[in-house]
*Asks:* 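Before anything else, here's the structure in question.
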Amino acid sequence: MSQFPTILNPTEEDIQLMLAAQVHIGTKNANTRMATYIHKRRADGVNLINIGKTWEKLILAARIIASIENPQDIVVVSARSYGHRAALKFAKYIGAEAVVGRFTPGTFTNYITRSFREPRLVICTDPRSDFQAIKEASYVNIPVISLADSDASLQYVDVAIPTNNKGKHAIGLIYWLLARAVLRLRGTLDYSTPWDVMVDMFFYRDPEEIEKENEAAAMAEDTTGEWGVTTEEVDWTIEAEGPAGIAANAAEWSAQADTGASDWAEDISTPNVTSSWD
């Protein structure tokens, strides 16, 4: 990282975030073209990626992205589910366009399709799952930036960012760092001030966990609505207060009872019965 200006060097917090997100954890297999980015191999056979080279390629990719005048000419592709949220957030903050999920064949080559695009730069999450987009980009001479693990194939990839692209935290953190670097190079974000967007916004979230959280929030709102009755909503006032009022009410009730009894006695009368014996 000596060829970069001092202001572009990573801080201690950036290195800690990369280690916590396991950006340096590769796979047990290693591609020959990725050998230059591998620091060493652990005893269990897992390859460790050099974080210093990861940062160098990340800054190089950020400089390439920032050099494009119209951000809408950049397409971010992610077929892997762990990269959907990160790709959408990254495209939102830098002004690019995201294509997540299944990539429609002919998007870059067949102008008849509805999803036809002519981007100036393509950013991919995994060279294996996004190979259709990378191959079509090679047909029309579109440069490709891709996250690459230790076993990734770099065919038709122009700039590879060596990182762990299997974990949701590693993918989210790399896209967050890349978006922050692009904003800083554009001048919209100062180097001395931290970015107010949390890195958690770029992490993949399980749909089942989101449903559970929504159900818990709905239950909490229902409970608050049932037990949140205040004394102002209920009229607990008594028209007559004190023993005098109670006695007056009792007298009224007794009077009504006597009147009712007299009415019943008046209604019931003995009929004049005639007998045949008279």
Side-chain angles (χ1 to χ4, degrees), residues 1 17-19 21-42 44-65 74-88 90-91 96 98-103 105 107-108 119 121-179 181-182 202-204:
M1 289 180 287
L17 287 174
M18 295 173 72
L19 292 175
Q22 297 183 349
V23 171
H24 62 293
I25 303 297
T27 60
K28 291 186 177 181
N29 299 326
N31 195 312
T32 54
R33 298 186 62 182
M34 292 293 297
T36 56
Y37 305 115
I38 297 175
H39 174 61
K40 67 175 184 179
R41 189 172 185 175
R42 293 193 313 196
D44 57 354
V46 176
N47 296 291
L48 300 180
I49 300 172
N50 190 343
I51 293 183
K53 294 186 177 181
T54 300
W55 185 264
E56 290 181 0
K57 300 305 288 286
L58 189 143
I59 296 298
L60 175 61
R63 294 172 65 183
I64 295 172
I65 296 171
I74 303 172
V75 173
V76 186
V77 181
S78 178
R80 187 183 292 274
S81 59
Y82 280 1
H84 288 182
R85 185 180 177 89
L88 290 171
F90 176 78
V99 179
V100 298
R102 181 181 180 273
F103 182 82
T107 300
F108 298 154
L121 179 65
V122 176
I123 303 173
C124 298
T125 305
D126 187 5
R128 292 183 183 275
S129 58
D130 302 329
F131 184 73
Q132 179 67 29
I134 295 174
K135 191 173 182 179
E136 289 189 10
S138 68
Y139 291 160
V140 290
N141 297 327
I142 300 174
V144 176
I145 299 174
S146 177
L147 310 184
D149 210 335
S150 60
D151 61 345
S153 174
L154 301 183
Q155 187 179 13
Y156 306 128
V157 175
D158 298 288
V159 177
I161 303 176
T163 180
N164 174 15
N165 60 4
K166 306 293 191 298
K168 58 182 179 181
H169 296 106
I171 295 174
L173 178 63
I174 289 297
Y175 271 113
W176 183 80
L177 292 173
L178 188 60
V182 171
F202 285 70
F203 291 161
Y204 169 80

*Asks:* What closest approach, in Å, do F108 and A137 show between heavy atoms, and which atom pair accounts for it?
*Replies:*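 It is CD1-N, 4.0 Å.
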*Asks:* What verdict does the side chain to side chain contact (heavy atoms under 4.5 Å, CB included) test give for I145 and I161, after you've listed the backbone C-alpha separation in whole Å, the side-chain angles of each residue and the deciding distance to 0.1 Å?
*Replies:* CA-CA 8 Å; I145 299 174; I161 303 176; 4.1 Å; yes
*Asks:* Less than 4.5 Å apart, any side-chain heavy atom of I51 and any of V23?
*Replies:*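 In short, these two side chains do not touch, never coming nearer than 4.5 Å.
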*Asks:* Hey, are the side chains of I64 and L121 touching, using non-hydrogen atoms and a 4.5 Å cut-off?
*Replies:*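 They are in contact (side-chain heavy atoms under 4.5 Å apart), so the answer is yes.
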*Asks:* Would a 4.5 Å heavy-atom cut-off, applied to side chains only, mark P143 and V159 as touching?
*Replies:*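 Of all side-chain heavy-atom pairs linking V159 with P143, none is under 4.5 Å.
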*Asks:* First locate atom CZ of R33, then atom CD of Q155, and finally report the distance between them rounded to the nearest 0.5 Å.
*Replies:*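 So the gap between those two atoms works out to 8.0 Å.
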*Asks:* Quick one: NZ on K40 to NE2 on H24, what's the gap to the nearest 0.5 Å?
*Replies:*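 That separation rounds to 9.5 Å.
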*Asks:* Taking all non-hydrogen atoms of both residues into account, name the closest pair between N31 and A152 and its distance.
*Replies:*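 Looking at all heavy atoms of both residues, the shortest contact is ND2-O, 3.0 Å.
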*Asks:* Residues in side-chain hydrogen bond (donor to acceptor under 3.5 Å, both in side chains) with K135, at least two apart?
*Replies:*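 For K135, no residue satisfies side-chain hydrogen bond (donor to acceptor under 3.5 Å, both in side chains) once neighbours in sequence are set aside.
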*Asks:* Are I65 and F90 side-chain neighbours, meaning at least one heavy-atom pair lies under 4.5 Å?
*Replies:*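 Side chain of I65 against side chain of F90, heavy atoms only: contact under 4.5 Å found.
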*Asks:* Please name all residues satisfying side-chain hydrogen bond (donor to acceptor under 3.5 Å, both in side chains) with D44, sequence neighbours left out, ordered by chain then number.
*Replies:*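 D44 satisfies side-chain hydrogen bond (donor to acceptor under 3.5 Å, both in side chains) with R42 once adjacent residues are dropped.
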*Asks:* In Å and rounded to the nearest 0.5 Å, what is the OG1 to NE2 distance from T54 to H39?
*Replies:*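 Answer for the OG1-NE2 pair, T54 versus H39, is 12.0 Å.
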*Asks:* Would the distance check show the side chain of K53 and the main-chain N or O of T36 forming a donor-acceptor pair, the cut-off being under 3.5 Å?
*Replies:*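 Judged by distance alone, yes, a pair lies under 3.5 Å.
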*Asks:* For the residue pair N164 and G167, what are the closest heavy atoms and their distance?
*Replies:*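 Scanning both residues, the minimum pair turns out to be OD1-N, 3.6 Å.
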*Asks:* Working to the nearest 0.5 angstrom, can you tell me the gap between L48 CG and Q22 CD?
*Replies:*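 Here the interatomic distance stands at 10.5 Å.
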*Asks:* Sorted by first residue and then second, give each ring pair (Phe, Tyr, Trp, His ring centres under 6.0 Å) pair with at least one member in residues 150-170; sequence neighbours left out.
*Replies:*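 Found H169-F203.
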*Asks:* Between R85 (side chain only) and G172 (backbone N and O only), is there a donor and an acceptor less than 3.5 Å apart?
*Replies:*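 No.
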*Asks:* Nearest 0.5 Å, what's the OG-CG distance between S78 and L88?
*Replies:*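 S78 atom OG to L88 atom CG measures 8.5 Å (nearest 0.5 Å).
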*Asks:* Can you give me the closest heavy-atom contact between I49 and G26, atom names plus distance?
*Replies:*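 Where I49 meets G26 most closely, the heavy atoms are CD1-CA, 4.3 Å.
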*Asks:* Side chain to side chain contact (heavy atoms under 4.5 Å, CB included) for R128 and N165? Distances and angles first, verdict last.
*Replies:* CA-CA 11 Å; R128 292 183 183 275; N165 60 4; over 6 Å; no
*Asks:* Please collect all ring pair (Phe, Tyr, Trp, His ring centres under 6.0 Å) contacts where either partner lies in residues 121-155, sequence neighbours excluded, each pair once.
*Replies:*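 Applying ring pair (Phe, Tyr, Trp, His ring centres under 6.0 Å) to every pair that reaches into residues 121-155, excluding sequence neighbours, yields nothing.
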*Asks:* Taking atom types as modelled, find out whether Y82 and T125 have a side-chain donor-acceptor pair closer than 3.5 angstrom.
*Replies:*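 Side-chain D/A pair, Y82 to T125: absent.
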*Asks:* A side-chain contact here means heavy atoms from C-beta on lying under 4.5 Å apart; do D149 and T163 qualify?
*Replies:*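 No; the side chains remain at least 4.5 Å from each other.
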*Asks:* Please tell me if the side chains of N47 and M34 come closer than 4.5 Å, counting only heavy atoms from C-beta onward.
*Replies:*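 Heavy-atom side-chain distance check fails, nothing below 4.5 Å.
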*Asks:* Compare every heavy atom of A86 with every heavy atom of F202, then report the nearest pair and how far apart it is.
*Replies:*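 Between these two residues, the closest heavy atoms are O-CB, 3.4 Å.
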*Asks:* Applying side-chain hydrogen bond (donor to acceptor under 3.5 Å, both in side chains), can you list everything that pairs with T107, at least two apart in sequence or on another chain?
*Replies:*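 Residues passing side-chain hydrogen bond (donor to acceptor under 3.5 Å, both in side chains) with T107: none at all.
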*Asks:* Quick one: are I171 and R80 in side-chain contact, heavy atoms under 4.5 Å?
*Replies:*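 Contact flag for I171/R80 side chains = yes.
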*Asks:* Are any of the side-chain heavy atoms of V144 and P127 separated by less than 4.5 Å?
*Replies:*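 They are not in side-chain contact.
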*Asks:* Has the side chain of T27 got a donor or acceptor atom that lies under 3.5 Å from a matching backbone atom of N29?
*Replies:*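 Between the backbone of N29 and the side chain of T27 there is a qualifying donor-acceptor contact (under 3.5 Å).
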*Asks:* Any chance you could measure Y175, atom OH, to L147, atom CG, to the nearest 0.5 Å?
*Replies:*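 Reported to 0.5 Å precision, the distance equals 5.0 Å.
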*Asks:* List the residues meeting side-chain hydrogen bond (donor to acceptor under 3.5 Å, both in side chains) with D130, not counting sequence neighbours, and say none if there are none.
*Replies:*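 Applying side-chain hydrogen bond (donor to acceptor under 3.5 Å, both in side chains) to D130 gives none.
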